[in-house]
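Below: one structure, written as structure tokens.
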Amino acid sequence: MSSTPAITAPTSDLAPAASPPPAHVAIIMDGNGRWAQARGLPRIAGHRAGARAVRRTIEAALTHKVGWLTLYAFSSENWRRPRDEVSDLTALLRHYIKNEIAELAANGVRLRFIGEAGRFAADIQASLAEAERMTATNARLNLTIALSYGGRAEIIAAARLIACAVASGEIDPSELDEAAFARRLFTAGMPDPDLIIRTSGERRLSNFLLWQAAYAELIFLNVLWPDFGAAHFAEALADYASRERRFGARPA
Ligand code: IPE
Ligand code: IPE
Ligand code: MG
């Protein structure tokens, strides 16, 4: 009888192949409320400090030459928050776009917004469209902000478009594939995220990029979003670099 084959590979085979830098980093920016609460401040103070962390994060993405950065700023479900908090958040959004757009444009940032823009006030919708238009030819950093975004709502919207295309005879159901479905998502034309970071210690996706996250590496950090900065971004990139991505294939 033959002996049991050894299952331990030589050490050199165990060293994971370092991943190339992520092309697309997506961040669930969580913990603003707890940051404010810990300081005895109103929640809006946490959201304002969170906006400053957004600025630091964009700078870090530019420094590390990450081509795609997607930030989850407001979920479809966040409309359920108290009316005062929602109106503080929309006021902050108005202020942010007005004040940051020129600098973003000057830094070669292309802005996109994903989510149900139609749920915001008309002036906000107009300024989101204007920001996208103003930065449409930039290519240094593709910055996408998820606003009133929900992964399930996005998938349903795509399914509805497909159903209409089938009903009108434009698509044969047997020809529907992943690429044709992905072209109907808000993220059409964007690469899938390689790395998703969530701050605040919570370990869930909260309806973020459900389709696109299929093979993303996940990093959960015990830092509240307003405290996030260049060092955390670099730490996440280093953690990502040490991981071996397999996409279901046999390990290298
Ligand atoms: C994230 O911070 C910002 C939004 C969801 C708008 P939170 O407001 O969720 O902060 P916590 O989770 O209550 O600390
Ligand atoms: C997720 O955070 C949404 C954003 C960061 C914009 P939440 O604070 O809304 O998520 P839950 O409710 O803790 O899952
Ligand atoms: Mg939260």
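One-based numbering along the sequence shown. Whatever order the structure lists them in is the order used to number ligands and atoms, beginning at 1.
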**Study point:** Path from Val25 to Ile145 over hydrophobic side-chain contacts below 4.5 Å
**Key:** yes
**Study point:** For ligand 2, the portion of Ala73 having any non-hydrogen atom under 4.0 Å away
**Key:** backbone
**Study point:** side-chain contact (heavy atoms from CB on, under 4.5 Å) evaluation trace for Thr187 with Glu154
**Key:** CA-CA 9 Å; Thr187 52; Glu154 177 184 41; 3.8 Å; yes
Point to revise | From Arg110 atom CZ to Thr135 atom OG1, the distance as rounded to the nearest 0.5 Å | key: 7.0 Å
Check your understanding: So, for Phe228 and Leu221, which heavy atoms are closest and what is the spacing to 0.1 Å?
Key -> CE1-CD1, 3.8 Å
Study note, to complete from the structure: Taking every heavy atom of Tyr215 against every heavy atom of Arg245, the minimum-distance pair comes out as O-NH2, 2.8 Å
Study note, to complete from the structure: Quick look: Phe74 vs ligand 2, heavy-atom contacts under 4.0 Å, and the answer is backbone
Practice item. Return the minimal non-hydrogen interatomic distance between Arg204 and Arg198, and the atom names on each side. Key: O-NH1, 2.7 Å
Revision key, fill the gap. Checking heavy atoms under 4.0 Å, the part of His47 that sits near ligand 1 is side chain
Review point. Any N/O of Asn32 closer than 3.5 Å to an N/O of ligand 1?
Key: yes
Review point. Between Trp68 and Arg112, does a side-chain contact (heavy atoms from CB on, under 4.5 Å) hold up when you go through it step by step?
Key: CA-CA 11 Å; Trp68 295 81; Arg112 287 182 181 81; 3.4 Å; yes
Check your understanding: Applying a strict 4.0 Å limit to heavy atoms, is Arg43 in contact with ligand 1?
Key -> yes
Check your understanding: Out of curiosity, is Arg34 lining ligand 2, as in a heavy atom under 4.0 Å away?
Key -> no
Review point. So which bit of Glu202 gets within less than 4.0 Å of ligand 2, heavy atoms only: side chain, backbone, both or neither?
Key: neither
Check your understanding: Does Glu130 pair with Arg133 as a salt bridge, N-O distance under 4.0 Å?
Key -> yes
Check your understanding: Taking everything shown except Gln37 itself, do over 12 heavy atoms lie less than 6.0 Å from its CD?
Key -> no
Point to revise | Name, closest N/O/S atom of Asp30 to the Mg ion (ligand 3) | key: OD1
Review point. Taking distance alone, with no angle check, do Ser75 and ligand 2 share an N/O pair under 3.5 Å?
Key: no
Review point. Which heavy atom of the protein is the closest neighbour of atom 1 (C) of ligand 1, given with residue, atom name and distance?
Key: Met29 O, 3.1 Å
Revision key, fill the gap. Quick note on ligand 2: atoms under 4.0 Å from a heavy atom of Ser206 include exactly 1 (C), 10 (O), 11 (P), 14 (O)
Practice item. For atom 12 (O) of ligand 2, state whether the nearest protein heavy atom is under 4.0 Å away. Key: no
Exercise for review: Give the atoms of ligand 2, by number and element, whose distance to some non-hydrogen atom of Arg204 is under 4.0 Å.
Suggested key: 11 (P), 13 (O), 14 (O)
Review point. Taking non-hydrogen atoms only, is Arg198 closer than 4.0 angstrom to ligand 2 via side chain, backbone, both or neither?
Key: side chain
Point to revise | Hydrophobic cluster identity match, Leu89 and Val54, side-chain contacts under 4.5 Å | key: yes
Check your understanding: Where on Asn78 is there a heavy atom closer than 4.0 Å to ligand 1, on the side chain, on the backbone, on both, or on neither?
Key -> side chain
Practice item. May I ask whether Ser200 has any heavy atom positioned less than 4.0 angstrom from an atom of ligand 1? Key: no
Check your understanding: For atom 3 (C) of ligand 2, what's the nearest protein heavy atom and its distance?
Key -> Tyr72 CE2, 3.7 Å
Revision key, fill the gap. If you scan protein heavy atoms around atom 10 (O) of ligand 1, the nearest is Gly33 N, 2.9 Å
Practice item. Please indicate whether Glu132 has more than 12 foreign heavy atoms, meaning atoms of other residues, nucleotides or ligands, lying under 6.0 Å from its CD. Key: yes
Review point. For Arg152, does the CZ atom sit with more than 12 other heavy atoms under 6.0 Å from it, leaving out its own atoms?
Key: no
Check your understanding: Are the side chain of Arg140 and the backbone of Asn107 linked by a donor-acceptor contact shorter than 3.5 Å?
Key -> yes
Point to revise | The one among Arg81, Arg80, Glu77 that brings a heavy atom closest to atom 7 (P) of ligand 2 | key: Arg81
**Study point:** Atoms in ligand 1 flagged as close to Asp30, the criterion being non-hydrogen separation under 4.0 Å
**Key:** 1 (C), 2 (O), 7 (P), 9 (O), 10 (O), 11 (P), 12 (O)
Review point. What are the atoms of ligand 2, with element, lying closer than 4.0 Å to any heavy atom of Ile28?
Key: 5 (C)
